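Since the structure comes first, as structure tokens, the remarks are kept for the end.
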Amino acid sequence: MEVDKKLVKILRNIAILLQIKGENVFKANAYANAADIIESMQLDVRDLVRQGKLAEIKGFGEALVKKITEYVETGKISFYEKLTSEIPVELVTITKIPGIGPKKTKLLFETLGIKTIDDLEQACIDNKVAKIKGFSAKSQEIILNSIQHIKAWKGKKHQFACFQEANNIDILLKNIPEVIEHSLVGEMRRYSEIVSQVHFLVSTNENQKVIDYLQQQFNLILDGNVITFSTDEEIDVKIQLTEPKNYIWLLHNLTGSEKYINSFAKYFTETTSQPFNFEQFPLSNKVLKSESELFELLDLQYIPPELRENELAIIRAKEKAIPKLVSERDLKGMIHVHSSWSDGFNTIEQMANASRNLGFEYIVICDHSQTAKYANGLEPERVIQQHKEIDELNSKNIGIKILKGIESDILPDGSLDYDEDILKKFDVVVASVHSHFKMSKNEMTRRIIYAIMSPYTHILGHPTGRLLLSRESYEVDIKSIIEAASDYGKIIELNANPYRLDLPWEHIIYAKEKGVKIAINPDSHDTNSLTDVFYGVKFARKGWLEPNDVVNCLSHEEFLKYINSLGKS
DNA sequence: GCCGTTTTCGGCCCGACTGTTTTCAGTCG
């Protein structure tokens, strides 16, 4: 079963359009909330409607059940159709621009007739936006800047969003008899966090038959041996056909990044005295059977695809110094998960049971701290109550150990969010920035380093604050942060939420170089997203991490021992 | 629009920042 993404999108659009219309915010939120519930609980709405059980789920009242039933039965919601006839649905994209909410979107639409990002860009260029009350020359410039970012992100997708599509195509290719071999290449094979296309390489002797087969399924564009099309999810797919004798060579060359291939080409020429040819294997008398054979032939150690980003991979492969990278099987600890005590959907027990079922030995509950009011952060009294619940659960021996953690806000001055007497009650403190993002680089860096220096901090959470394809990292000197973590012996989080993947892999490499241990944390708010931790593992591999570098790979006893050895005085 | 009652209406997460404002609305996390 897959979540009905079209319905989720409609509900989210209704929420935004109602706000633009000026409706009650809480009414609008009811739709966004329903979309959140469907996604986080992975609801099969069709099944629920058929069984008449949708109304039993909290958040779905009479009106929503009626609309969703209509959707299941007819494929559309007349309320939504009427709404979009009054307010153009394109306006939803305008509200994605930071600093522009529903009210300003409405104002722009009513005064200048702005419907699209392109309209808005032109109006800024024509200096029309600055003249509207509520805007200024400065805000116009900020908007223009944001539009540049959005345009740069256009057509790009989060990697996790492309997995399903890649799988579907993979299965399809397997079923074409004329396909001899096939593989993902490019960004997807390298596990890049953002991808611009799903790219496959196919080995075949009968191009036309493969094309004919695919043509039955998709609306193809054909250019020589290259087939492209877009899916319903607007994911760009490219399928490249090749004769079997060049398959392995192309598999390698299409997988690496430009930087990597440049240094590979240089090395290739130095080693073989042959000019590098991207399309055809230059040692023409030889047909490669595998990538391993290719690396061996060049006296290089095998380079896993995710490391083929730059020259470093070639240097290390020459030295035979590519380590055994961390894998899913190595993880024992599920660190940094939220529960219904703050803004999570599930109880501690549910989160613990789900983690145990995934094979984990221990789980560290890290709900939000008291300042995070919007996330129902825990006041000191509720911390005590929560610890009581954890003690009771642990005494029942449910097959997984539950540790008492907290995700403490890092306050603007760099201090943690509780007094010492509360802080010392936690087994694990993850310290994260959740507010006051717009400090200067110096101030933000100083703030975070101050938090790292606290004897109660064990792990620095989502260190750059980036949200892939929607928010840039806050201004911070990340190298200094990593160096501070190294100096004070603190752990840095690799936030595995696929919208974050924060720390970026380039910095993970630096952290490893500095001897900083990494915690791969799902930051889950429901049981379904606990598996996000596995996206983190794939990303950690891009940062060259070995099991030894990752604290989740420690057993329960080893982890506690390690945590207790940090900073606490 | 949903929820939960000391049931059918009032509250819903709330505080801080930002920019334009001169007392605040809009946005954000």
Side-chain angles (χ1 to χ4, degrees), chain A residues 10-38 54-70 77 79-80 83 94-110 129-143 145-146 338 340-344 367-379 382 407-413 417 432-440 443-444 461-462 465-467 470-474 495 497 499-500 502 523 525:
Chain A
I10 290 176
L11 294 172
R12 294 235 161 87
N13 281 354
I14 291 176
I16 295 169
L17 293 172
L18 285 177
Q19 287 183 68
I20 294 174
K21 200 179 165 190
E23 279 275 6
N24 182 324
V25 178
F26 296 105
K27 180 176 173 177
N29 277 346
Y31 289 91
N33 184 41
D36 288 346
I37 295 170
I38 291 171
L54 188 58
E56 289 171 20
I57 296 165
K58 203 175 156 209
F60 294 84
E62 207 184 318
L64 269 162
V65 169
K66 199 171 158 218
K67 290 185 180 84
I68 293 173
T69 302
E70 184 194 350
I77 298 176
F79 172 77
Y80 180 59
L83 189 61
I94 305 277
T95 65
K96 307 285 183 219
I97 298 169
I100 302 192
K103 298 276 162 54
K104 288 195 170 168
T105 299
K106 188 183 187 192
L107 190 61
L108 288 167
F109 175 55
E110 287 177 346
V129 173
K131 288 174 186 153
I132 303 174
K133 193 171 154 57
F135 292 86
S136 64
K138 193 176 170 194
S139 60
Q140 179 174 268
E141 196 188 320
I142 292 170
I143 291 168
N145 217 327
S146 301
H338 295 266
S340 47
W341 279 86
S342 65
D343 60 348
D367 275 308
H368 286 283
S369 60
Q370 56 184 337
T371 295
K373 297 268 192 289
Y374 59 88
N376 195 22
L378 272 57
E379 304 287 347
R382 293 178 65 225
E407 184 180 20
S408 170
D409 269 31
I410 298 174
L411 302 180
D413 66 356
D417 202 10
S432 313
V433 167
H434 285 116
S435 62
H436 301 82
F437 292 107
K438 286 191 178 156
M439 290 182 159
S440 73
E443 281 174 326
M444 185 60 98
H462 42 75
R466 73 171 177 179
L467 285 177
S470 70
R471 188 177 74 201
E472 296 285 336
S473 147
Y474 30 70
N495 192 297
N497 181 315
Y499 291 97
R500 292 184 180 270
D502 180 10
D523 195 359
H525 288 70

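This structure is a prediction, so every number in the text was calculated from the model and none was measured.
One can place CG of A:L107 at 14 Å from C1' of B:dG19, the figure rounded to the nearest angstrom. One interatomic measurement links the two molecules: NE2 of A:H434 to P of B:dG29, which rounds to 11 Å at whole-angstrom precision. One can place NZ of A:K58 at 11 Å from C1' of B:dC12, the figure rounded to the nearest angstrom. Distance CG (A:D343) to P (B:dC13): 12 Å, rounded to an integer number of Å. Rounded to a whole Å, the CZ atom of A:F135 is 16 Å from the C1' atom of B:dT21. The separation between A:F26 atom CZ and B:dG10 atom C1' is 11 Å, rounded to whole Å. Distance CD1 (A:I100) to P (B:dC28): 9 Å, rounded to an integer number of Å. Taking atom NZ of residue A:K103 and atom C1' of nucleotide B:dT27, one finds them 10 Å apart after rounding to whole Å.
Atom name P, nucleotides B:dT8 and B:dG15: the rounded distance is 29 Å, in whole Å. Across B:dT7 and B:dC2, the matching C1' atoms stand 14 Å from one another, rounded to whole Å. For the P atom pair drawn from B:dA16 and B:dG11, the interatomic distance equals 22 Å after rounding to whole Å. Comparing B:dT23 with B:dT18, their C1' atoms are spaced 15 Å from each other, to the whole Å. Separation of the C1' atoms belonging to B:dG19 and B:dG10 is 34 Å when rounded to the nearest angstrom. One C1' atom belongs to B:dT5, the other to B:dC9, and the distance between them is 10 Å to the nearest Å. Taking the P atom of each, B:dT6 and B:dC24 are spaced 37 Å apart, rounded to whole Å. Across B:dG26 and B:dT21, the matching P atoms stand 13 Å from one another, rounded to whole Å.
With a 6.0 Å cutoff to the six-membered ring centre and a 45° limit on the axis angle, A:K104 counts as a cation-pi contact of A:F135.
Once rounded to the nearest 0.5 Å, the distance linking CG of A:D523 with OG of A:S432 reads 7.5 Å. Note that NE2 of A:H462 and NE2 of A:H434 are 3.5 Å apart. Values are rounded to the nearest 0.5 Å. Here A:D367 contributes atom CG and A:N376 contributes atom CG; the two are 8.5 Å apart, rounded to the nearest 0.5 Å. Note that CG of A:N13 and CG of A:L18 are 10.5 Å apart. Values are rounded to the nearest 0.5 Å. For the atom pair CD1 (A:I100) and CD1 (A:I94), the distance works out to 7.0 Å, reported to the nearest 0.5 Å. Taking OG of A:S340 as the start and NE2 of A:H525 as the end, the distance is 11.5 Å to the nearest 0.5 Å.
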Which atoms of nucleotides 14-17 of chain B (N or O only) lie under 3.5 Å from a protein N or O atom, and what are those distances?
{"residue": "B:dC17", "atom": "OP1", "partner": "A:H436", "partner atom": "NE2", "Å": "3.0"}

Nucleotide N/O to protein N/O under 3.5 Å, stretch nucleotides 7-9 of chain B:
none

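Applying the salt bridge (charged side-chain N to carboxylate O under 4.0 Å, His left out) criterion to A:E23, with sequence neighbours excluded, gives A:K27. Under the salt bridge (charged side-chain N to carboxylate O under 4.0 Å, His left out) criterion, A:K21 pairs with A:E86, sequence neighbours left out. Residues forming a salt bridge (charged side-chain N to carboxylate O under 4.0 Å, His left out) with A:D36 (at least two apart in sequence, or on another chain): A:R12.
Residue order along DNA chain B, read from the 5' end via each residue's closest nucleotide, puts A:S139 first among A:S139 and A:K96. Between A:G101 and A:A55, the residue whose closest nucleotide on DNA chain B is further toward the 5' end is A:A55.
At distances below 3.5 Å, not a single donor-acceptor pair connects side-chain atoms of A:N495 with backbone N or O atoms of A:D502.
At a threshold of 4.0 angstrom between heavy atoms, the contacts of A:K67 are confined to the sugar-phosphate backbone, with no base atom among them. Within the 4.0 angstrom heavy-atom criterion, only backbone atoms of the sugar-phosphate kind lie near A:E62; the bases stay farther away.
Of the residues in residues 27-38 of chain A, those lying under 4.0 Å from DNA chain B by heavy-atom distance are A:K27, A:A30, A:Y31.
Of all nucleotides listed (B:dC2, B:dT21, B:dG26), B:dT21 comes nearest to the side chain of A:K133. Minimum atom distance to the side chain of A:N24 is reached by B:dC12, of the listed B:dT21, B:dT27, B:dC12.
With its glycosidic angle more than 90° from 0, B:dT22 adopts the anti conformation.
Shown here, B:dG11 forms a base pair with B:dC2; the pair counts as Watson-Crick or G-U wobble because both key distances fall under 3.5 Å.
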